[in-house]
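All remarks here apply to the structure that follows.
Here, residue 1 is the first one in the sequence, and each next residue gets the next number.
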Amino acid sequence: MLSSTQSVIRPTRSLRWRVVDIVVASVLAVAVGVVFKLWEFGYEPLSAAVALLLPGTQALFGGVWLLAGPIVAIIVRKPGAALFAEIVAASVEALFGTQWGWTTLEAGLVQGLGAEIVLALFLYRVYRLPVVVLAGAAAGLALGINDSVLWYPGLDVAFKTVYIISATISGAVIAGAGSWLIVRALARTGVLSAFAVGREHAVQHARTSPAA
């Protein structure tokens, strides 16, 4: 039996970035940036098809461009993680060449800030599914408003309303719930053992596994 002085003390949680945080965040953001570029080819036909049915609903497919922020934020859990990831991913997409040019960086900044604000409201301590979905929705809202101002300034209020609502839904579902599921899948492989999400999965797995 451990005495009071020998009891296990949990380490104080630090919001400072470690070297491993920077490396993993950068690698993941670059990888998602490649996905951003590849998604351009899928987005065009899908968005054109739904826009014929209801203009503005093309934003339902924009959530893919919001994945970097929530994925990295769930893993790193440090201030600025979502913003950093979105800007890096957007930079990679821009370097490959994109129809939106270097305004992609501005979009990454705005979208990253959307997710970052929500996570900051929870003091970067809560990364459960509802919070991540809310962060994704905020990033989607930022995408919708930003695009409406920059790319569709002359269109009517009805189009912009549908576009912003569609972007928010896409952010919640694809970037929010989607990133949460992606990170859980990564945690199951053991590659995230150096992060809180990996340790949480290990503890949960140990509790649910039948005794030997």
Side-chain angles (χ1 to χ4, degrees), residues 24-47 49-50 56-78 80-90 92-93 98 104 107-122 124 126-147 163-192 195-198 200-201 204:
V24 171
S26 300
V27 170
L28 286 172
V30 169
V32 179
V34 175
V35 174
F36 283 4
K37 176 58 185 176
L38 295 175
W39 180 235
E40 291 181 21
F41 301 105
Y43 174 80
E44 290 300 330
L46 289 173
S47 63
V50 298
T57 53
Q58 58 262 46
L60 287 170
F61 303 104
V64 174
W65 284 304
L66 308 174
L67 280 168
I71 287 175
V72 171
I74 297 170
I75 295 171
V76 174
R77 302 187 178 186
K78 301 293 170 62
L83 180 59
F84 171 82
E86 279 293 327
I87 291 178
V88 171
V92 171
E93 183 183 9
T98 174
T104 304
L109 172 65
V110 171
Q111 294 157 14
L113 281 173
E116 198 73 38
I117 289 171
V118 170
L119 299 174
L121 290 175
F122 288 89
Y124 300 101
V126 183
Y127 292 87
R128 292 190 292 270
L129 179 59
V131 174
V132 177
V133 167
L134 184 59
L141 177 63
L143 179 153
I145 295 174
N146 188 63
D147 284 5
Y163 191 91
I164 292 171
I165 291 174
S166 297
T168 303
I169 293 172
S170 183
V173 175
I174 299 177
S179 64
W180 191 78
L181 291 172
I182 289 170
V183 172
R184 281 176 63 86
L186 288 172
R188 282 195 292 269
T189 68
V191 298
L192 300 179
F195 298 90
V197 66
E200 289 168 1
H201 179 269
Q204 183 181 19

Worksheet item: Under 30°, 30 to 60°, or over 60°: which ring-plane class applies to Tyr43 and Phe61, parallel, tilted or perpendicular?
Response: perpendicular
Worksheet item: At what distance, to the nearest 0.5 angstrom, does OG of Ser170 lie from CH2 of Trp65?
Response: 9.5 Å
Worksheet item: At what distance, to the nearest 0.5 angstrom, does CG of Leu129 lie from CG of Leu181?
Response: 7.5 Å
Worksheet item: How long is the span from the CD atom in Gln111 to the CG atom in Leu83, to the nearest 0.5 Å?
Response: 11.0 Å
Discussion item. Please report the interatomic distance OG(Ser166) to CG(Leu60), rounded to the nearest 0.5 Å.
Written reply: 4.0 Å
Worksheet item: Nearest heavy-atom pair of Trp180 and Val132: which atoms, and what distance?
Response: CD1-CG2, 4.2 Å
Worksheet item: Can you name the nearest heavy-atom pair linking Ala177 to Val133, along with the distance?
Response: N-CG2, 3.8 Å
Practice prompt. Please list, chain by chain and in numerical order, all residues satisfying side-chain contact (heavy atoms from CB on, under 4.5 Å) with Leu192, sequence neighbours excluded.
Written response: Ile75, Val183, Leu186, Ala187, Phe195, Val197
Worksheet item: Considering all heavy atoms of both residues, which atom of Ser26 and which atom of Val88 are nearest to each other, and what is their separation?
Response: O-CG1, 4.5 Å
Worksheet item: At their closest point, which heavy atom of Val92 faces which heavy atom of Gly33, and how far apart are they?
Response: CG1-C, 3.9 Å
Discussion item. Please find the pair of heavy atoms, one from Ala175 and one from Gly136, that lie closest to each other, and give the distance.
Written reply: CB-CA, 4.3 Å
Practice prompt. Have a look at Glu200 and tell me which of Arg77, Arg128, Arg184 forms a salt bridge (charged side-chain N to carboxylate O under 4.0 Å, His left out) with it.
Written response: Arg77
Worksheet item: What pairs with Thr168 under side-chain contact (heavy atoms from CB on, under 4.5 Å), at least two apart in sequence or on another chain?
Response: Ala137, Leu141, Ile164
Practice prompt. Carefully, step by step, assess Leu143 and Val110 under the rule side chain to side chain contact (heavy atoms under 4.5 Å, CB included).
Written response: CA-CA 7 Å; Leu143 179 153; Val110 171; over 6 Å; no
Worksheet item: Could you give the distance from CZ (Phe84) to CD (Glu116), rounded to the nearest 0.5 Å?
Response: 12.0 Å
Worksheet item: Does the Thr98 side chain pair with the main chain of Glu93, one donor and one acceptor, at a distance under 3.5 Å?
Response: no
Worksheet entry | Spatial distance of atom CD1 (Ile71) from atom CG (Leu66) [nearest 0.5 Å] | 11.0 Å
Worksheet item: Nearest heavy-atom pair of Ala89 and Phe36: which atoms, and what distance?
Response: CB-CE2, 3.4 Å
